[in-house]
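A quick write-up on the structure given underneath.
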Protein chains: 2
Amino acid sequence: MADEALFQFLHSEIIQYVNSAESGESENGRCVSKLESMGFRVGQGLIERFTKDTPRFKDELDVMKFICKDFWTSVFKKQIDNLRTNHQGIYVLQDNKFHLLTQLSAGKQYLEHAPKFLAFTCGLVRGALSNLGVKSIVTAEVSVMPACKFQVMIQKM
Amino acid sequence: MADEALFQFLHSEIIQYVNSAESGESENGRCVSKLESMGFRVGQGLIERFTKDTPRFKDELDVMKFICKDFWTSVFKKQIDNLRTNHQGIYVLQDNKFHLLTQLSAGKQYLEHAPKFLAFTCGLVRGALSNLGVKSIVTAEVSVMPACKFQVMIQKM
């Protein structure tokens, strides 16, 4: 519980700070992209630790399953609830109660702020995948808080 | 282990980001003070969670012991190694292997960067104490990495 709280509070502070530091015309876009790149580096670091003693992954799907189970559990204390793929390089990871959105009101009035609360995690996934040799683009969408979907598009080399 | 790593990586990212965002004349001072105030708010939040089911503290020393044991263990996975006081409102908390300094080289060449790596934690302690009704000034000093001392000066009302 302690760790979760620490991560949550720290994450909120970062959002608030980055948001105020990146004030300008394209304010929101730059804030989101800064948060994404912070997440990317943290994801890179974390996955190195997590996979230190893991056997080699069979394929891309095997990597994605690791992200949904082990990686997600370590960071967010629960697994991804649903993983879908079109078997052509697109994966959709659904979290029905996303840890970092649980502190926002579940109504519609804060939907516009959701991207800021998801950017770090998009980067986290992209960074983790990147260090496992999978280049990707990760986006997120929320329809009803605190559920959210992360879409991973694998970039073929 | 996972959580520790997450906190460590996130903490490094914050330092790096704040350091680059607060570039200017009094750069280093502003960076340190921003980090301190982020720590303050996180400390306030954390202590509320941690003390939810704790009996009321007897006195100031009792509060300090809680910070050194329970609070420190939750955040840094170890207790403070040594707590000293002059019984006149000054407490020195010594950590012989401070979590957030373990990733810096132990030599002297990075000593000048130590304040950035301690500012968040100074704020954390000040915030936690503040929400327990103890107003304080918290400073830190390093002589040999990764050992460090936090000095808490209680501000009498």
Side-chain angles (χ1 to χ4, degrees), chain A residues 1-24 30-31 33-54 66 69-78 99-100 103 119-121 123-124 127-128 131, chain B residues 1-24 30-31 33-54 66 69-78 99-100 103 119-121 123-124 127-128 131:
Chain A
M1 193 221 59
D3 294 306
E4 287 178 66
L6 181 60
F7 174 46
Q8 265 183 355
F9 287 130
L10 206 50
H11 183 259
S12 312
E13 282 301 317
I14 295 176
I15 292 176
Q16 206 178 319
Y17 180 73
V18 174
N19 199 34
S20 69
E22 305 292 331
S23 49
R30 271 183 62 188
C31 167
S33 107
K34 278 282 173 192
L35 289 167
E36 207 270 348
S37 65
M38 287 169 112
F40 183 79
R41 286 185 299 270
V42 173
Q44 285 188 310
L46 282 182
I47 202 75
E48 267 186 23
R49 300 266 182 116
F50 291 172
T51 54
K52 199 161 57 78
D53 304 312
T54 310
F66 183 82
K69 287 185 186 171
D70 304 66
F71 186 75
W72 216 259
T73 306
S74 301
V75 179
F76 302 113
K77 314 299 162 207
K78 71 184 285 294
H99 189 59
L100 299 175
Q103 274 171 330
F120 180 84
T121 305
L124 202 70
N131 262 21
Chain B
M1 193 221 62
D3 294 305
E4 287 178 67
L6 181 59
F7 174 46
Q8 264 183 354
F9 287 131
L10 205 51
H11 182 259
S12 311
E13 282 300 317
I14 294 176
I15 291 176
Q16 205 177 320
Y17 180 72
V18 174
N19 200 32
S20 70
E22 304 293 331
S23 50
R30 271 182 62 190
C31 167
S33 107
K34 278 283 172 192
L35 289 167
E36 207 269 350
S37 65
M38 287 169 111
F40 182 79
R41 286 184 299 270
V42 173
Q44 284 188 310
L46 282 181
I47 202 75
E48 269 187 24
R49 301 265 182 118
F50 292 172
T51 54
K52 199 161 58 76
D53 305 312
T54 309
F66 182 83
K69 288 185 185 170
D70 304 66
F71 186 74
W72 216 259
T73 306
S74 302
V75 179
F76 302 113
K77 314 300 164 210
K78 71 185 284 296
H99 190 58
L100 298 175
Q103 274 170 331
F120 180 85
T121 306
L124 203 69
N131 263 21

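By convention in this document, chain letters (A, B, ...) are assigned in the order of the sequence lines, proteins followed by strands, and residues within each chain are numbered from 1. Here the structure is a predicted model, which is why all the values come from computation and not from measurement.
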Do other residues, nucleotides or ligands put more than 12 heavy atoms under 6.0 Å from the NZ atom of A/K78?
yes

How many angstroms lie between [atom1] in [X] and [atom2] in [Y], if you round to the nearest 0.5 Å?
X      : Y     : atom1 : atom2 : answer
B/F120 : A/L10 : CZ    : CG    : 4.5 Å
B/F76  : A/L6  : CZ    : CG    : 8.0 Å
A/R49  : B/F9  : CZ    : CZ    : 4.5 Å

Of all of A/H11, A/Q8, A/M38, A/E13, which one pairs up most often with chain B through heavy atoms under 4.5 Å apart?
A/E13

